[in-house]
Amino acid sequence: MIQVRFVLRELRYGGAQALTFILCVALSIATLTALNSFRSDVHRSLLNDAQKLHGGDVIIHSHYPISEPLEQAVRDIQSRAGADLARVYGFNSVVRPEVADGSLFVNIMAVAPGYPLYGSVDLASGRPFGEVLQAGAVVVAPEVLSRLSLRIGDRLRIGTAVLTIVDTIDYDPSRPVSIFSLGPRIFTSTGDLEQMGLLGVGSRSHYEILLRLPEPEQARKIAETLSRVATAGQERVETATTARSQVKRFFDNMLFFLSFISIFTLLLSGIGMQSSLSALLRQKQYTIAIGKTVGATYRFLLLHYLALTMLLGLIGAIAGVLAGLIIKSTFPLLFGEIIPAELMLGVTIGDLVEGMLIGLLVVVLFSSLPLYRIAAIRPVALLRLDLTGNVGKPATYLLAALVVVFLALLVVRQLEDVQTGLVFMLGCLGFIAIIFLLTSLVLRLLRALPVGNLAMRQAFRSLFRPGNATRSIIVTLASALSVLLTIFLLEFNLVASFITSYPKDAPNLFSLDIQRGQQEAFFAAVGKEAELFPVVRGRLLSINGEAIDYERENQRRSDSLAREFNLTYRDTLLDDEIIVRGERLFEASRPASDVVEVSVLDTIAEIGDIDLGDRLVFSIQGLPMTAEVTSIRSRTKSKLYPFFYFVFAEEVLAAAPHTFFAALHLERDAIDETITRIVTALPNVSTLNVADTVVRLGELIDRLARVITFFSLFSIVAGCLILIGSVLATRLERIRDCAYYKIVGGTTRFVLSITVYENLLLGMTSSILAAAVAIVSSWLICSAWFNIAFRLHGGALVIMALTTCAAVVGIGLISSLSIVRQKPVTFLYRQNG
Amino acid sequence: MTAAILVSSRLSKTYQIGGRQLPVLSDISLTVSRGEFVVITGNSGSGKTTLLSVLSGLDRPSSGTIRLADRDITELSEDELAPLRNELIGFVFQAFHLIPSLNALENVMFPAELKKDPAAGDKATRLLERVGLSMRRQHMVSELSGGEKQRVAICRALINDPPLVFADEPTGNLDSTNSREIMSLLLELQRERDATLVLATHSREIARQADREVRLADGRLVSGEAS
C-alpha cells in the first residue's frame, strides 16, 4: 500500500532536482509529440485525401499514349462497373505572351471535361472550373500573370497555339505545395492539345487516365485487373493509396529525418532524466539509509520512490505533450510554404494519449537504474558518512540493454521501417560510442595534464569529482552540437557548391525535346553550336533475370530503378567521365548477338547492385532489349553537368525514336532573351533556366535547414539540462569544496573562478569534439554522398565554440551561485549535526 | 604577559528559529595572548563550536566585537576575512575537512598556494616529513587513516605559519593512542612556532595540558575569562 503522505513529502523536498527531472521528461516527448501529431495531420490531409491528390481511385500513368489493350480494359470497367473517367496530359513547356516580350517555363496540364473527379480546382473568380475551362481558354497560376506582366483576357502562346487566359487558380488539389515544382501550373483543355503540338514522340509528357469507382474499395482489385494488360515497364496502374506523389514522398522523407532528430533528443533527455533522478535520490539517500535502519524494506522504498518518480513523470509527460502542441503551433511559421495551405494542424485524443504513453514509458526505462540503486544504499553507510551505493555491473548492463531495446522499438515504430530503424539505432549508438570514446580519451589526457594555476588545477580536479556527470555532459553536448554543426556545414557546402560558387563554365540552360531536324534551327536560336545529347526514353525491366520490384522501388528514398530513364548512345566518354570498372565503354570486338552492350554510371550501379557482366533488360517503346554491362563509369564534376546512367553504342539506339538534349552555358543576362528565341522558333522545345532553379533550390535548402536546426536545438536544451542536473547531483560536494576553500582563505572570486574554469573546460571540450566530429561527418557526406568539394566554415566553428562556452559557463555559474554564496560555517554546523 | 592576539568583547550570538530567538552565546569577553594555549571546555550544546566559529571569523556575532591581531574583524565581509584567515589563522577540525580531490601534499600546500607562496611545495613536504607522513604525501585523502588525515589537517593549518590556530575537538574522531599522538604533535608544533592555540574539547586530559581553561555553560563563560 502506498503511503501518499510519504510520497508528497518527498516531492515537496525534491526541489530543483525534481524540476530538472520534470523538464527532461517534458523535453523528451515534446518534439516527438509535435512530430507524431503533425505526421497524423499529413496522413489525414494528404493520404486520406489521396483521391483528391491523385484525382481518382485508380490512376493509369504512362509516358506514351495508353496502349490499346489497356484502353479496352478501361472501357470494359467503365461499362461494367459504371466508373467515371477523366483523361489528363501533363508536360513542361515554355510559354510566352502573344504580343509582349518574355517567356516562362511552366507545367501544363491538359484536362478533359469531368476533371477533377474528386475535389475541385478553385478559381479566383469563384466560378466552376469545368464551366470556365473550355477549348481556347487557359486557367493559370497567379505567378504566370505576375511574371509575364499579363492580365485576365490576355493571350498566351503555348506551343503553336494561342489561348486566352480566363481565370487564375486559387487551389489545385493535385498540387498542394508548389515549392518543389519547376514551373507554375497552367490548365488547358484537351481540345487544344493538337493545336499546341507539344505531345511529340519521345517528349517528356505523361498520359493519365483517372477512374472514379462507384465502390472505391474495389480500387485495388480493379487496379490489379488493369495491371495485367498494361505494358510492363511502361504503363503503371496504381490506386490512390499506393500512387507515388512528390509531396507525399517529400513529407515521408522529411518526417523520417525529423523523427531521427527527435529520437536523438529523447535519448539525450533520457540521460538527463537519469542524472537528475540520481541527483534527487542522492539528496534522499540519508532518508533512505535512515528508513532502512528503522526497518523500511527495499520493496517499500522502491515502491514509494517509484510512485514519486511516476508522479514527476506524469507532470513531465503532461508538460511535454502541451509543449509539443505549442511547438506544433509554430509549424506554419517554421515550415512556411512547405506546408500545404489546407493542411489542418489539429490535435486528436490519440495524439495526446500516445504522447503520454511514450512519456511514461520513457520515465520507467530511464529511471530504472537510479531506482535500482536504492537497493545498494546500506544503513551502515550512515556511520561511515559514505552513502554512495554501487550497483552490480550485470544489473547495469541489463537495464542498459532494456533501454536500447525500447529505443529500437520506438525507432522502428517512428520510422515505420524495421531495417532502416535498426540501422539508425546502430548508427546512433555508434555515433554516441565514438563521441564517448573520444570524450574518455580527452578526459584521460586532461587528468594527466600538469597545471600550474591553482584555480585552474582545482577546476581540472573538479571535473573528476565523484558523481560529477562530466562525461555525460560532454557526450550529450558534443553529440547535439555536432549534429547541429554538421547540418550547418552541409547547408553551407551545398549552397557554396551549387549556388554561391556556381561553376563559371557550368551549364545554366537546359533544352529538352529537340527533335531530329531541329538541330540547325536550335543552333540558330541560341547563336552557337552546342553539344546535343541523344535521349531515348526507356525503363529497366530486370537485372540478371530478376524483375524490378516496382512497389519496393517506389518506397526507396534514393533514386528509383522503377522510373523512366533517359538512355543515350555514344562511343566516347564525356570530358568529366572516367571508367572505373572494365577496360573501355564497350568491348572492342564482340560476336554478333541479341545481347547489346551498355555502360552504367557508378551511382545507379550502386543503387541496383549492378556489376560488370550483369544482364539488364530494358523496355524501349514497349520493346524489350537485353544488354550486358561492359563498363562502369564515374564522374569527376558536380551534378550540374549533364550525365546519363545508361550509355549504349550508337548502332544500338540510333534508329530508335529519340530527341536531343542540350546543356548550354550563356551569359546570365542573355538567358531570358535566348529562351524567348528558342520558344519562338521551336515551340515544342522545353527550356529550363537552371540558374533560376538553383536559386529556388537554395531557398528550399535554407528553409529545410531552418526546420532541422529548430529540432536540433532541443538536443542542446537536453545538454543544458544534464549540465544543471550534474551541478545539482554534486551540490553537496560542491558546497563542501567551497567551504574548504573559504576556510583556508579562498575568496568568493577564487571559488567563482574555479566554477568558471570548470565549465569553460566542459564547454571547450564539448565544442572541440563536436567540431571534430561535425567536420569529419560533413566531409564524408559531401564527398561520398553529394559528390561536392568540402569547405570549412571557420567562422561557424568559432561562433559555435564561443556560444557553447558562454552558455555552459553561464548555466554552470547560475546553478552554482547559491552554492558559492554559502558561508563555510553553514556547512560546518551541518556537519556537526 | 605578551600582547593579546585575540580580544572579544561582550560577544553574543542568537539564532532565529521559526519566530523564536535562541541565544547560543551571551556576553562573552575573552582575551587570548600570543603563544598561549587556551582550551574551551563545556558540555555538549554549551556553545564551544559556535564560539570558535565566531572568534575565527567563520561566523558573525549578533553583537559585540572581535579584534584579531589588533584589527577589528567584526564587520568585515567574507572576502575581507578570507585573506586574514589565510595568513593569520589555521584550522583543525574534528571531521578533518580535507579536500577529497587532492592528495595529502596538495591539501597541505593549498593555503600557501592561495597566498602565491613559491615555496609552498617545499614547505608542505617538510611539514609532512615532520609529522611522519612523507611516504604518504601522494596518497589521496580516502586512502589515509583517521590519524593520518588529522596530521595532514595540522600541517595544512600550519603551512602559512599563522600566529593563531583554532582546533575544534581535533581528537574527537580518533582512538586514544592516536588522540595522544595528535595532541602531542599539535602542542609540539605550536610551541616550535610560538603560535597561539585555541582548542575546544570535552577531554579533561587535554584541558590539563593547557595554559588556561575557559569553561562554557549555556553560552556563558563560567570560568577562565581573564587572561
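Below, chain A is the first sequence line, B the second, and so on; all start at residue 1.
The most heavy-atom pairs under 4.5 Å with chain A, out of B/Glu80, B/Met109, B/Glu106, come from B/Glu106. With chain A as the partner, the residue from B/Ile89, B/Leu102, B/Leu84, B/Leu81 showing the most heavy-atom pairs under 4.5 Å is B/Leu102.
Considering CZ of B/Phe96 and OH of A/Tyr740, their distance stands at 10.5 Å, rounded to 0.5 Å. Atom CZ of residue A/Arg821 and atom CD of residue B/Glu78 lie 13.0 Å apart, to the nearest 0.5 angstrom.
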- Test B/Ile99 against A/Arg461 for side chain to side chain contact (heavy atoms under 4.5 Å, CB included), laying out the working first. CA-CA 10 Å; B/Ile99 300 172; A/Arg461 294 293 168 88; over 6 Å; no
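B/Ala82 and A/Gly746 make their closest contact through CB-O, 3.6 Å (heavy atoms, listed as atom of the first residue, atom of the second, distance). Between A/Gly745 and B/Asn86, the shortest heavy-atom distance links the atoms CA-CB, 3.7 Å. Among all heavy-atom pairs drawn from B/Leu58 and A/Pro824, the shortest one is CD2-CG, 4.0 Å.
Both the backbone and the side chain of A/Ile743 come within contact range of chain B, with heavy atoms under 4.5 Å apart. For B/Phe110, the parts lying under 4.5 angstrom from a heavy atom of chain A are both the backbone and the side chain. Proximity to chain B involves both the backbone and the side chain of A/Lys742, based on heavy atoms less than 4.5 angstrom apart. In this structure, chain A has heavy atoms under 4.5 Å from both the backbone and the side chain of B/Thr50. Contact annotation for B/Glu113: both backbone and side-chain heavy atoms come within less than 4.5 Å of a heavy atom of chain A.
The local environment of CZ in B/Arg193 is crowded, with over 12 non-hydrogen atoms from other residues, nucleotides or ligands closer than 6.0 Å. The local environment of CG in B/Asp79 is crowded, with over 12 non-hydrogen atoms from other residues, nucleotides or ligands closer than 6.0 Å.
Of the residues B/Leu114, B/Asn107, B/Ile159, the one that meets the side chain to side chain contact (heavy atoms under 4.5 Å, CB included) test with A/Val744 is B/Leu114.
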